[in-house]
Amino acid sequence: MTVKLDYTWHLREVMATKGMFSTTDLRPVLAERGIDLSASQIYRLVVEVPERLNLKVLMALLDILDCSMDDLIEPVAVGRPQAKKAADGTETTGVGDFRPKRARITGS
């Protein structure tokens, strides 16, 4: 089984440890480093997990927060979901148990 990798984004927590509790605190310090992002872009960067991230923005964040990449990004291995046990002790595999059953038409 191949392990899928994901990551956890810790920007908000790292900002809090540095005394930055508002997303607007980042805008002027990013601008000092030549990064011009809108307020909504900065908000999404802080509160959501980014799917794509410009390396210049990442380097600026590491400089501003005086941290390493390991502090901001935590790799997480995502495994296959485990089978759940039903009330009668049998294992269920997920949505397959909730699929509708075929109707049988009988002649009257």
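For the numbers below, each heavy atom of this structure counts, side chains included, while hydrogens, waters and symmetry mates do not. Residue numbers run from 1 in the order of the sequence given.
A distance of 12.0 Å separates CZ in Arg12 from CE in Met20, rounded to the nearest 0.5 Å. Of the inter-residue distances, the one linking Asp25 atom CG with Lys18 atom NZ reads 14.5 Å to the nearest 0.5 angstrom. In this structure, CD1 on Ile73 lies 5.0 Å from CH2 on Trp9, to the nearest 0.5 angstrom.
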*Determine, stepwise, if the pair Val76 / Leu5 fulfils side chain to side chain contact (heavy atoms under 4.5 Å, CB included).*
CA-CA 6 Å; Val76 178; Leu5 295 177; over 6 Å; no
*Take Leu37 and Arg27, measure what side chain to side chain contact (heavy atoms under 4.5 Å, CB included) needs, and give me the verdict at the end.*
CA-CA 7 Å; Leu37 298 175; Arg27 193 165 193 192; over 6 Å; no
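When the side-chain hydrogen bond (donor to acceptor under 3.5 Å, both in side chains) test is applied to Ser40, the partners found at least two apart in sequence or on another chain are Ser38.
Annotation for Asp6: atom CG counts as buried by contact number, over 12 foreign heavy atoms lying within 6.0 Å.
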Donor-acceptor contacts, no H, no angles, side chain residues 44-66, under 3.5 Å, sequence neighbours left out:
unit_1, atom_1, unit_2, atom_2, d
Asn54, OD1, Lys56, N, 2.7
Asp63, OD2, Arg33, NE, 2.7
Asp63, OD2, Arg33, NH2, 3.2

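Shortest non-hydrogen contact noted between Thr24 and Pro28 is O-CD, 3.3 Å.
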